[in-house]
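Every chain is numbered from 1, with letters handed out A, B, ... down the list of sequences. The structure presented is a predicted model; accordingly, all values stated were derived computationally and were not measured.
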Protein chains: 2
Amino acid sequence: MTTDEAEATRPVTRIQREKQEVILEAALDVFSKFGFRGSTIDQIAEAAGMSKPNLLYYFKSKEDIHAPLLARILDTWLEPLREMDPAGDPLPEIQSYIRRKLEMSRDFPRESRLFANEMLRGAPGFYDILHTDLKNLVDEKAKIIKGWMAQGKLAKTDPYHLIFSIWATTQHYADFDIQVRAVLGRERGAEGRFEDAARFLDQLFLHGLSPKK
Amino acid sequence: MTTDEAEATRPVTRIQREKQEVILEAALDVFSKFGFRGSTIDQIAEAAGMSKPNLLYYFKSKEDIHAPLLARILDTWLEPLREMDPAGDPLPEIQSYIRRKLEMSRDFPRESRLFANEMLRGAPGFYDILHTDLKNLVDEKAKIIKGWMAQGKLAKTDPYHLIFSIWATTQHYADFDIQVRAVLGRERGAEGRFEDAARFLDQLFLHGLSPKK
DNA sequence: AATTTTTTTGACCGATTGGAAAAATTCTAG
DNA sequence: CTAGAATTTTTCCAATCGGTCAAAAAAATT
């Protein structure tokens, strides 16, 4: 009953599923570059290889294309953090969190930029979630990290800013990709850049910059 | 003669200087939130407290408002890096670079976001500068850092990624301000947040997360 | 005070925007 | 093959966009 209702609300034929995917894919390209306000339906339609009215047959407004993209992202984005295991060893646990986050930057740069765009304009579509789901998750993980620190398994620092610094350093490679590439030149391909980044971040987070005496 | 010419090219009366400043100030507000394409002249005009045609009397196009803002920024933005002194002690030198960069994030968040917006859309107005001025400066400073490492005054890591990580962590507090605030709650004011960030970044970059044995 | 220059306003323009409506087409189930 | 549903195209619309222009108003100069 309710299942029928739900399916009736968003009826999905084969072609609908396909085209909706194509549209979201195209919209991700466009929105991630220009943000919501800077993107146009025509632009998305062209990227999706269809006419604007045809696109509007599948999503009835610009907002309706944008919203599911956002909803999808935050979840994906926080998955690596959710996976951080309180039962594991602190340093390897954090190390692999950084690694996973960096891989997401490499594999989903558009998603990262879409998220960044949303933050820059004040996250109007995210505001509630940030203060509830996100905050709760970070609070929970911060507590775990604090526990590790109390056990002497981790240097004592602010766990919140630790998480911020992991977000910042990893996402930087997606969001500021242009800058990173300009500075590094084309001597090293994308894979190489991410390998170097991974190595550096390991060093930074594990030992910092002080020389071993 | 040439001076007269130059002044004649951009004649500046008292009221022109003032209004141009007001406009750029308002434009920074708007552009930093919505990016170039997402911002409208009307929006800027309203923020500047004048009519659109009046604004266009001072800047003849949207581009003409945007361009000087960008030009102004990159210079300001790289100043802290320029100040990094090869003759100084490595660790304090890097530490104070981080501090200066963090202060810029605190004091000029809109500039930071404008810059981020420009990067996200592929930095069309920055492309040349990134590959010349920026790359040269970073190359130069990377060489200095490498020298320090060779002298054993600094742990051996990739100097480029070190610089990236400093950019990323410090700018994060401006660009993702909304998220940072949502997570930290209002228990601690803006000053407190930046103090905590400064302390954490010192710890991270100097010693990393490994516990002292 | 008269005049010239600078600033502001209001009315307007063509292009682009997000979107609606309906006709034309294609697909699919019987 | 055919009726009905799903999809696509064509045409259109009001609002907003970046920007122009001439006239009015305000300042500055004489």
Side-chain angles (χ1 to χ4, degrees), chain A residues 4-70 117 121 124-125, chain B residues 4 7-31 33-70 117-118 121 124-125:
Chain A
D4 280 16
E5 279 277 18
E7 278 170 24
T9 311
R10 292 194 180 277
V12 201
T13 69
R14 170 187 55 89
I15 193 161
Q16 269 178 16
R17 259 193 305 275
E18 289 171 10
K19 294 274 167 118
Q20 280 182 4
E21 220 17 74
V22 170
I23 291 168
L24 288 175
E25 174 72 16
L28 181 56
D29 259 11
V30 177
F31 281 138
S32 67
K33 267 190 197 142
F34 305 109
F36 181 75
R37 295 212 27 186
S39 304
T40 71
I41 299 183
D42 292 270
Q43 226 177 332
I44 298 169
E46 194 190 333
M50 64 182 75
S51 68
K52 178 170 62 172
N54 193 10
L55 181 149
L56 285 167
Y57 169 71
Y58 293 102
F59 293 89
K60 70 176 196 293
S61 76
K62 194 177 166 182
E63 268 276 347
D64 280 3
I65 316 172
H66 194 245
L69 284 175
L70 281 190
N117 254 307
R121 65 168 180 143
Chain B
D4 280 14
E7 277 170 24
T9 311
R10 290 193 180 279
V12 201
T13 70
R14 169 187 56 90
I15 193 161
Q16 269 178 17
R17 260 193 305 275
E18 289 171 9
K19 294 275 166 119
Q20 280 183 2
E21 221 16 74
V22 170
I23 291 168
L24 288 174
E25 174 71 17
L28 182 56
D29 258 10
V30 177
F31 281 138
K33 267 190 195 141
F34 304 108
F36 182 75
R37 293 212 28 186
S39 303
T40 71
I41 299 183
D42 293 272
Q43 227 178 329
I44 298 168
E46 194 191 333
M50 64 182 73
S51 66
K52 178 170 61 173
N54 193 12
L55 181 149
L56 285 167
Y57 169 72
Y58 293 102
F59 294 89
K60 70 176 198 291
S61 76
K62 193 177 165 184
E63 270 275 347
D64 280 2
I65 316 173
H66 194 244
L69 285 175
L70 281 192
N117 254 308
E118 201 59 15
R121 64 168 181 145

(message) What's the separation between atom NZ in A:K19 and atom OH in A:Y57, rounded to the nearest 0.5 Å?
(response) 10.5 Å
(request) Rounded to the nearest angstrom, tell me the gap between atom CD1 in B:I44 and atom P in D:dC17. (result) 11 Å
(message) For a 4.5 angstrom cut-off between non-hydrogen side-chain atoms, does A:T40 reach A:F34?
(response) no
(message) Just to verify, what does B:L70 make a side chain to side chain contact (heavy atoms under 4.5 Å, CB included) with, not counting sequence neighbours?
(response) B:H66, B:L114, B:E118, B:F126
(message) Output the rounded distance in Å from CG (B:L55) to P (D:dC17).
(response) 14 Å
(request) Could you tell me the separation between the CD1 atom of B:I23 and the CD1 atom of B:I44, rounded to the nearest 0.5 Å? (result) 9.0 Å
(message) Taking only side-chain N and O atoms of A:Y58, does any of them lie within less than 4.0 angstrom of OP1 or OP2 on D:dT8?
(response) yes
(request) Measure the distance from NZ on B:K19 to C1' on C:dT9 and round it to the nearest whole Å. (result) 12 Å
(request) Starting from C1' on C:dT7, measure out to CZ on B:F59 and report it in whole angstrom. (result) 15 Å
(message) In whole Å, I'd like the distance from the OH atom of A:Y57 to the C1' atom of C:dT25.
(response) 13 Å
(message) Using every non-hydrogen atom in the two residues, find where B:A48 and B:V22 come nearest and quote the distance to one decimal.
(response) O-CG1, 3.6 Å
(message) At less than 4.0 Å, is any side-chain N or O atom of A:S51 found next to OP1 or OP2 of D:dT8? Yes or no.
(response) no
(message) Taking atom NZ as the centre, does B:K33 end up with more than 12 heavy-atom neighbours from other residues, nucleotides or ligands that are less than 6.0 angstrom away?
(response) no
(message) I need a per-nucleotide contact map over nucleotides 11-22 of chain C, read 5' to 3'. Cutoff is protein heavy atoms under 4.0 Å; write B for the base, S for backbone only, - otherwise.
(response) B-----SBBBB-
(request) Using atom CG of B:N54 as one end and atom P of D:dA23 as the other, report the distance to the nearest whole Å. (result) 19 Å
(request) Tell me whether the OP1 or OP2 atom of C:dT7 has a side-chain N or O from B:Q16 closer than 4.0 Å. (result) yes
(request) State the pairing partner of D:dT29; accept Watson-Crick or G-U wobble contacts with both distances under 3.5 Å, and report none otherwise. (result) C:dA2
(message) Please report the interatomic distance CG(B:L28) to CD1(B:I65), rounded to the nearest 0.5 Å.
(response) 12.0 Å
(request) Using atom CG of B:D64 as one end and atom C1' of D:dG19 as the other, report the distance to the nearest whole Å. (result) 12 Å
